[in-house]
Amino acid sequence: MAAVALLALFSSTLAPRTPSLRWGRRCSLTGKVFIARAGPVRLEEGKYGVDPRDSSAGEPLAFESGRVGRLHSSTQLTYVVNTAAEQNRFVVLKFRRDGCAACASTVEAFLEASERYASTGYFFEVDYDQARPFCKQCKLRIVPAGHIYARGVLQAALPMGKSTWNAFAEHLGRWHDEFNAN
């Protein structure tokens with residue numbers, strides 16, 4: 001009996017390795033390089049969150065371009081994303097907490113971005129402490145984080161600290177240019 005348990009323990013550690021399928025990386029088993037495809041980024045559940053929406057129409061929410069609104073639930077998010085898709089716009093969420101120095105470091109940049117991209121985007125903040133159930137639905141593990149929704153789909157879930165703001169702003173610029181071209 002003990003030998004069977006011992007064999008089961010070792011067989012789980014001796015299982016064959018599965019190839020790494022991270023984009024832009026070389027697979028350790030086959031040597032093939034996986035390169036990102038054009039189109040929406042395939043998002044895996046990560047520390048910056050996932051799309052929490054269901055298939056309902058959503059809860060109406062008043063919002064306007066050029067200002068940062070507040071979101072508290074997935075039904076509000078569904079309404080905003082559907083409205084933005086109908087109007088050929090993108091939606092940006094910033095997840096933050098009070099007392100978080102990294103969250104506070106991008107407040108001005110986020111406000112400036114909401115004004116700069118007012119013609120093509122809607123910007124919202126989600127307070128982690130006030131909207132904890134919503135953040136749990138998003139499977140968010142780290143703040144500050146940002147989500148970009150375009151054409152009704154979560155396109156990017158990224159960090160939004162001071163050191164990563166430029167990369168986030170680059171994503172915003174790309175979506176702004178794409179929606180301006182249409």
Side-chain angles (χ1 to χ4, degrees), residues 22-24 34-96 102-103 105-128 131 134-135 137-140 142-182:
R22 288 180 279 178
W23 298 104
F34 294 91
I35 301 172
R37 294 174 276 145
V41 177
R42 202 181 96 206
L43 297 173
E44 295 178 12
E45 186 175 318
K47 55 188 171 184
Y48 301 109
V50 298
D51 189 352
R53 294 176 299 146
D54 56 12
S55 60
S56 66
E59 173 185 332
L61 175 72
F63 56 93
E64 54 183 284
S65 265
R67 305 198 100 170
V68 177
R70 301 228 180 231
L71 276 177
H72 297 31
S73 68
S74 60
T75 55
Q76 289 176 335
L77 176 63
T78 301
Y79 176 77
V80 169
V81 170
N82 291 343
T83 303
E86 291 169 4
Q87 297 174 0
N88 201 27
R89 292 175 172 237
F90 60 89
V91 175
V92 181
L93 298 184
K94 177 185 178 182
F95 294 90
R96 64 167 194 81
C103 301
S105 69
T106 58
V107 169
E108 288 182 30
F110 193 68
L111 289 172
E112 289 173 9
S114 71
E115 293 168 0
R116 184 179 318 123
Y117 303 124
S119 63
T120 55
Y122 294 120
F123 289 73
F124 295 91
E125 282 188 343
V126 178
D127 187 327
Y128 185 86
F134 173 56
C135 293
Q137 281 181 309
C138 294
K139 298 183 180 174
L140 197 67
I142 293 180
V143 292
H147 287 188
I148 301 174
Y149 292 85
R151 296 186 183 88
V153 178
L154 177 62
Q155 300 290 337
L158 303 163
M160 283 189 68
K162 187 176 183 178
S163 63
T164 57
W165 175 258
N166 290 339
F168 189 82
E170 187 178 310
H171 278 276
L172 292 178
R174 273 191 252 144
W175 285 107
H176 174 73
D177 294 345
E178 187 171 322
F179 281 108
N180 263 346
N182 293 334

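As a basis for the values below, the full set of heavy atoms in this structure was taken, side chains included, without hydrogen atoms, waters or symmetry mates. Numbers for residues simply follow the sequence, beginning at 1. Bear in mind that the values here come from a model prediction, so they are computed numbers and not experimental data.
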Please evaluate residues Lys94 and Phe123 with respect to the criterion side-chain contact (heavy atoms from CB on, under 4.5 Å), reporting the C-alpha separation (whole Å), side-chain torsions for both, the decisive distance (0.1 Å), and the verdict. CA-CA 8 Å; Lys94 177 185 178 182; Phe123 289 73; over 6 Å; no

Mind checking whether [X] and [Y] have side chains closer than 4.5 Å, heavy atoms only?
{"X": "Ile142", "Y": "Pro159", "value": "no"}
{"X": "Cys135", "Y": "Phe95", "value": "yes"}
{"X": "His176", "Y": "Ser119", "value": "yes"}
{"X": "Leu158", "Y": "Thr164", "value": "no"}
{"X": "Tyr117", "Y": "Leu172", "value": "yes"}

If I take atom [atom1] from residue [X] and atom [atom2] from residue [Y], how far apart are they, to the nearest 0.5 angstrom?
{"X": "Glu115", "Y": "Arg67", "atom1": "CD", "atom2": "CZ", "answer": "9.0 Å"}
{"X": "Glu178", "Y": "Asn88", "atom1": "CD", "atom2": "CG", "answer": "9.0 Å"}
{"X": "Leu77", "Y": "Gln137", "atom1": "CG", "atom2": "CD", "answer": "9.5 Å"}

Ion pair check, [X] and [Y], cut-off under 4.0 Å:
{"X": "Arg96", "Y": "Asp127", "answer": "yes"}
{"X": "Arg174", "Y": "Glu170", "answer": "yes"}
{"X": "Glu86", "Y": "Arg151", "answer": "no"}

Step by step, work out the side-chain contact (heavy atoms from CB on, under 4.5 Å) result for Leu71 and Leu93.
CA-CA 8 Å; Leu71 276 177; Leu93 298 184; 3.1 Å; yes

Please say whether the positively charged group of Arg70, taken as NZ for Lys or CZ for Arg, lies over the ring of Phe124, i.e. under 6.0 angstrom from the six-membered ring centre and within 45 degrees of the axis. no

Pro144 and Gly161 have their tightest heavy-atom pair at CG-N, 3.9 Å

Residues Val91 and Val81: closest non-hydrogen pair is CG2-CA, 4.1 Å

message: When you compare the side chains of Thr106 and Lys162, does any donor N or O come within less than 3.5 Å of an acceptor on the partner?
response: no

Apply side-chain contact (heavy atoms from CB on, under 4.5 Å) to the pair Trp165 and Met160, showing each step before the final yes or no.
-> CA-CA 5 Å; Trp165 175 258; Met160 283 189 68; 3.3 Å; yes

ask   = Are Phe90 and Tyr149 close enough that their ring centres sit under 6.0 Å apart?
value = no

Q: For the pair Tyr122 and Val92, evaluate side-chain contact (heavy atoms from CB on, under 4.5 Å) and give the outcome as yes or no after the intermediate values.
A: CA-CA 6 Å; Tyr122 294 120; Val92 181; over 6 Å; no

